[in-house]
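Computed from heavy atoms alone, side chains included, the values below leave out hydrogens, waters and symmetry copies.
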Amino acid sequence: MDRDEIAMQLRDSLEEVEPRPLSHEVIVARVGRRRRRRRIGAAGAAVGLLAIAVITVAIVGGPSEGPLGPPTVEASARVALPGEVVGAGGEIVGTAAVEGDYLWVLTCSARCGGPPAEFEHSQGALVKVDSGTGEIVASTPIEGASILATGEGGVWTAGYDGTVTHFDPRTAKPIGSLHLSLPKPVGTNYPEAFAFLPNNIVAGEGAVWVSTAREYVAQIDPQATTVIRTIPTHFSVAGMAVGGGSVWLAAELFGLARLDPKTGKLGPPHPIDGTEGRRLSMDYLAIADGSLWARGGWATPHGDSYVVSPDGDAHGLARIEMASGNEEQLVSFDGHIWVHAVSDGRLWLQGSDSRAGSKGVYVLEPGASEIRLAARLAEPGTVIGAVGSSLWVATPGKVLERYEIPD
């Protein structure tokens with residue numbers, strides 16, 4: 001069976017289980033709410049997919065607090081921002097990035113509330129913070145940007161309106177931009193049928209990559225700030241990462257797919273199955289210590305479907321060996337915990353309820369088999385970046401705080 005036949009079978013299977021076309025309202029709701037209850041037909045998910053064998057048994061239960069309990073740490077630095085960190089009212093994922101000794105943050109100061117469609121006209125700033133001194137060294141006004149990435153010689157932002165902007169990493173000034181749109185409309189009765197609606201952006205392997213839940217990935221030339229190709233995925237892209245010579249795409253219950261950055265060829269997604277027939281619905285990818293980590297909610301069989309718990313009481317992390325694409329480890333945990341930052345091979349996790357803020361910070365060390373509660377913050381906030389054991393935390397106000405987490 002050739003690649004085109006596989007793609008056709010996969011698309012046919014997806015059409016049976018996912019209503020199409022997806023409206024603008026549905027897509028922006030998915031972008032702003034990555035964790036949700038979802039049913040997908042098991043028969044459809046099995047077409048063209050090869051399950052990955054579980055090599056390490058999952059460890060189920062709450063994160064370990066250690067015999068003496070975690071210390072409470074005070075902030076070692078505070079930075080006043082020109083606005084709130086984008087996403088401060090919900091999930092803060094993809095709104096900050098670390099490049100060398102600097103932390104880049106997207107802020108919003110006007111038109112920050114309301115649905116994503118209104119956020120297209122928001123006003124804010126791209127801020128560069130020296131992670132050592134805690135000082136703002138550069139800042140530039142932005143409009144409508146909701147996600148960012150660093151790498152390939154620049155800082156990159158994307159907004160719901162499809163605008164991708166390239167910034168100079170030294171001055172934070174814009175040096176190029178482009179507008180993404182779909183090569184084919186998602187329907188005939190939608191005024192936004194060609195809207196790209198970016199939901200992830202990463203940089204690496206010689207390009208900048210932007211995904212959409214509307215089944216495409218755009219490959220951008222970082223030198224010319226032009227689109228090299230727009231690649232159909234035939235599934236909704238929930239998460240994305242770059243490393244090991246590949247671009248990795250999370251396709252929720254359909255699994256993990258690998259894209260060749262040189263040819264643009266996309267392999268079929270492979271699901272990750274656990275014990276008792278469970279399947280990991282992947283919604284986030286991160287690279288740490290030379291391995292790819294996929295995070296998601298465990299879905300359980302329900303008749304001919306899979307159901308992700310609406311209470312979010314069962315989540316998992318799967319470690320993938322990037323050379324082979326094989327799963328090497330499963331770590332399961334309870335509760336709403338999200339990967340918020342990566343540094344020195346460590347995954348820093350925290351509760352996802354950023355409306356109220358969280359004080360507990362968890363860590364998964366390289367080679368560890370369970371998540372450990374590393375510290376409690378003196379004040380509630382959400383981790384947005386890490387440099388070594390220094391964590392940058394967005395507070396409910398317009399302030400960044402730095403916390404030193406003891407080993």
Side-chain angles (χ1 to χ4, degrees), residues 1 3 5-18 30 34-60 199-200 211 213 215 217 232-241 244 246-260 265-287 291-309 312 314-333 339:
M1 183 180 299
R3 176 174 175 271
E5 291 175 332
I6 294 175
M8 291 180 62
Q9 284 197 8
L10 181 57
R11 175 174 287 279
D12 290 342
S13 68
L14 289 172
E15 288 178 347
E16 294 175 1
V17 299
E18 183 89 42
R30 289 186 176 187
R34 295 175 181 236
R35 188 178 295 105
R36 58 201 175 275
R37 184 175 184 177
R38 186 177 178 88
R39 293 175 180 263
I40 294 185
V47 176
L49 305 181
L50 177 63
I52 303 174
V54 176
I55 299 177
T56 303
V57 177
I59 295 182
V60 181
N199 64 351
N200 292 282
S211 69
E215 303 183 358
V217 171
T233 61
H234 309 300
F235 54 77
S236 174
V237 180
M240 189 163 51
S246 298
V247 180
W248 304 89
L249 308 178
E252 297 180 318
L253 283 172
F254 292 100
L256 179 69
R258 185 202 297 250
L259 189 154
D260 187 326
K265 292 184 178 180
L266 179 66
H270 301 273
I272 293 180
D273 293 328
T275 58
E276 301 178 353
R278 299 186 305 170
R279 177 164 291 177
L280 192 66
S281 180
M282 287 179 279
D283 53 18
Y284 177 84
L285 299 176
I287 292 178
S291 294
L292 175 70
W293 288 90
R295 177 229 181 261
W298 283 113
T300 55
H302 185 80
D304 59 351
S305 304
Y306 280 93
V307 177
V308 180
S309 169
H315 289 84
L317 282 166
R319 183 164 64 90
I320 312 297
E321 202 279 319
M322 288 188 286
S324 63
N326 293 330
E327 176 191 338
E328 293 186 324
Q329 182 183 6
L330 280 176
V331 179
S332 292
F333 48 91
V339 180

> Are any non-hydrogen side-chain atoms of Glu252 and Phe235 less than 4.5 angstrom apart?
Replying inline: no
> At what distance, to the nearest 0.5 angstrom, does CG of Leu259 lie from OG of Ser211?
Replying inline: 11.0 Å
>> Rounded to the nearest 0.5 Å, what separates atom CG in Leu317 from atom CZ in Arg295?
In response: 7.5 Å
> For Arg258 and Leu266, which heavy atoms make the closest approach, and how far apart are they?
Replying inline: O-CD1, 3.5 Å
>> A side-chain contact here means heavy atoms from C-beta on lying under 4.5 Å apart; do Ile287 and Met322 qualify?
In response: yes
> Can you name the closest pair of heavy atoms from Thr233 and Leu249 and give their distance?
Replying inline: CG2-CD1, 4.0 Å
> Do Thr275 and Leu330 come within less than 4.5 Å of each other through their side chains, counting heavy atoms only?
Replying inline: no
> Which atoms form the tightest heavy-atom contact between Tyr284 and Val339, and what is the distance?
Replying inline: CE2-CB, 3.5 Å
> Hey, does the side chain of Asn199 reach the backbone of Val237 with a donor-acceptor pair shorter than 3.5 angstrom?
Replying inline: yes
>> To the closest 0.5 Å, what do you measure between CZ (Arg278) and CH2 (Trp298)?
In response: 5.5 Å
> Looking only at heavy atoms, what is the nearest atom pair of Met282 and His270, with distance?
Replying inline: CE-O, 4.3 Å
>> If I take atom CD1 from residue Ile272 and atom CG from residue Leu253, how far apart are they, to the nearest 0.5 angstrom?
In response: 11.5 Å
>> Could you report the tightest heavy-atom contact between Pro301 and Gly277, atom names first, then the distance?
In response: CG-O, 3.4 Å
> How long is the span from the OG atom in Ser281 to the NE2 atom in His315, to the nearest 0.5 Å?
Replying inline: 9.0 Å
> Is there a side chain to side chain contact (heavy atoms under 4.5 Å, CB included) between Ile320 and Leu285 once you walk through the steps?
Replying inline: CA-CA 10 Å; Ile320 312 297; Leu285 299 176; over 6 Å; no
> If you look at every heavy atom in Leu280 and Ala318, which pair is closest and at what distance?
Replying inline: CD2-CB, 4.1 Å
